[in-house]
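Written out below as structure tokens is the structure these notes cover.
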Amino acid sequence: MTGHFITFEGGEGAGKSTQVKRLNDHLIKAGYDILLTREPGGSEGAEALREFLLFGGHSLSLRSEIMAHFAARCDHIDQVIKPALEKGKIVICDRYTDSTLAYQGYGLGKGDQTILSFIQKLILLIDLQPEQTFIFTIPYAIAQQRLQQRSQKTDRYEKQNEDYHHRVADGFIQIAKDHPSRCHIINGHDKMETIEQIIFNKVHQQFPDIIL
Ligand code: T5A
């Protein structure tokens, strides 16, 4: 594969989507061929599964919920991400496998080793790791203020209690520690312009062929 694969991760309201869009717009202006996508979702089938996972109101066992995220992910990879990488595109994905580790593994699964290793095995099986990941952190209270100001409907993960969100946030920090060459922690409370510049610099450092 000749393209590049970059992912954005972190808790809700941390500012990922804002920066995904800024990086995308900047790369397009600079003449690069980009695929901007998201999870859960990103392909027709995976978007249907997204609706089911975020707003379906069904009660799933944790392992089945994890498998449903990976079912959506496999469709997204096979139909959208891999073909784009094969065409040499830069793929920017808003959430990917680290979200399953953080939300289902550390959040719902409370860091249980059996659940974490179940997810890690699935990550190995799908066999497509991002080359670079930005993990956004934000204090819980600030994220809540931001989420209250937006008009989007609340999904079932956002409705979880504060302890759950702290476990997810700690999980993301642990993931960054476990993968220091791939992951960069971004302070989502910084000014948007500051974050944007940090990301542009890191992308260029990682991929010298991308000039921003
Ligand atoms: N999920 C996902 C799982 O449980 N398992 C999985 O495997 C996967 C893939 C998806 C949900 O699914 C869960 C995780 C999630 O709960 P989503 O619809 O993708 O949810 O929503 P989020 O990614 O959570 O997106 P949000 O919009 O909630 O958060 P963002 O993208 O981090 O934040 P953003 O950029 O939209 O910004 C939020 C607000 O803050 C402002 C923006 O203008 C906006 O109003 N803002 C800033 N304000 C001040 N300073 C800054 N630096 C700012 N940056 C942004």
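Atoms within a ligand are numbered from 1 in the order they appear, just like the ligands themselves.
Every atom of ligand 1 with a heavy atom of Leu147 under 4.0 Å away is listed here by number and element: 28 (O). Below 4.0 Å from some heavy atom of Leu54 lie the following atoms of ligand 1, by number and element: 11 (C), 12 (O). Within ligand 1, counting atoms from 1 as listed, the ones closer than 4.0 Å to a heavy atom of Ile195 are 52 (N).
Nearest protein neighbour of atom 33 (O) of ligand 1, counting heavy atoms only, is Gly15 N, 3.2 Å. The protein heavy-atom contact nearest to atom 8 (C) of ligand 1 is Ser99 CB, 3.5 Å. Distance from atom 52 (N) of ligand 1 to its nearest protein heavy atom, with residue and atom name: Asp190 O, 2.9 Å. The single protein non-hydrogen atom nearest to atom 36 (O) of ligand 1 is Ser17 CB, 3.9 Å, given as residue, atom name and distance. The nearest heavy-atom contact from the protein to atom 21 (O) of ligand 1 is Arg95 NE, 4.4 Å. The shortest contact between atom 30 (P) of ligand 1 and any protein heavy atom is with Lys16 NZ, 3.3 Å. Closest protein heavy atom to atom 4 (O) of ligand 1: Gln104 NE2, 3.0 Å. Closest to atom 37 (O) of ligand 1 among all protein heavy atoms lies Thr18 OG1, 3.7 Å.
Heavy-atom distances between Val20 and ligand 1 stay at or above 4.0 Å for every pair. Heavy-atom distances between Arg38 and ligand 1 stay at or above 4.0 Å for every pair.
The aromatic rings of Phe52 and His58 sit parallel, their planes meeting at an angle under 30°, below the 60° perpendicular limit. Between Phe172 and Tyr103, the ring planes are perpendicular. Angles over 60° get that label, and only those under 30° would be called parallel.
Residue Ala14 places at least one N or O, backbone or side chain, under 3.5 Å from an N or O of ligand 1. Ligand 1 has an N or O atom lying under 3.5 Å from an N or O atom of Arg73, backbone or side chain. Below 3.5 Å of separation, one finds no N or O of Asp94 facing any N or O of ligand 1. For ligand 1, none of its N or O atoms has an N or O atom of Pro40 under 3.5 Å away. Among the atoms of Gly13, some N or O lies under 3.5 angstrom from an N or O of ligand 1.
The CG atom of Leu128 sits 11.5 Å away from atom CD1 of Ile123, with the distance rounded to the nearest 0.5 Å. Here the CD atom belonging to Gln197 is positioned 8.5 Å from the CG atom belonging to Leu212, to the nearest 0.5 angstrom. With rounding to the nearest 0.5 angstrom, the NE2 atom of His184 is 8.0 Å from the CD1 atom of Ile186. Atom CD1 of Ile115 and atom CG of Leu101 lie 11.5 Å apart (nearest 0.5 Å).
Between Tyr157 and Tyr164, the distance from one ring center to the other does not fall under 6.0 angstrom.
For the residues Glu39, Lys21, Arg50, the heavy atom positioned nearest atom 17 (P) of ligand 1 is part of Arg50. In the candidate list Gln19, His69, Glu12, His69 is nearest to atom 1 (N) of ligand 1, counting heavy atoms. Between the choices Ile119, Thr7, Thr100, Asp155, the shortest heavy-atom distance to atom 7 (O) of ligand 1 belongs to Thr100. The residue among Arg150, Gln152, Lys153 with a heavy atom at the shortest distance from atom 26 (P) of ligand 1 is Arg150. Which of Met192, Arg146, Glu196 comes nearest to atom 43 (O) of ligand 1 through a heavy atom is settled by distance: it is Met192.
Checked by atom type, the side-chain pair His179/Asp98 shows no donor-acceptor distance below 3.5 Å.
The nearest protein heavy atom to atom 45 (O) of ligand 1 is not closer than 4.0 Å. Of the protein's heavy atoms, at least one falls inside 4.0 Å of atom 13 (C) of ligand 1.
Only one option out of Gln120, Arg73, His69, Arg95 pairs with Thr100 in a side chain to side chain donor-acceptor pair (under 3.5 Å); it is Arg73.
With hydrophobic clusters built from ILVMFWY side chains whose heavy atoms lie under 4.5 angstrom apart, Phe5 shares a cluster with Phe70.
With a 6.0 Å cutoff to the six-membered ring centre and a 45° limit on the axis angle, Arg63 counts as a cation-pi contact of Phe118. Cation-pi geometry between Lys153 and Phe55 is met: the NZ or CZ atom falls under 6.0 Å from the ring centre, inside 45° of the normal.
Scanning all heavy atoms of the two residues, the minimum distance from Gly41 to Ala46 falls at O-CB, 3.4 Å.
Side chain of Arg146 to main chain of Gly13: a donor-acceptor pair is present (N/O by atom type, distance under 3.5 Å, no hydrogens or angles). Side chain of Gln104 to main chain of Glu65: no donor-acceptor pair is present (N/O by atom type, distance under 3.5 Å, no hydrogens or angles).
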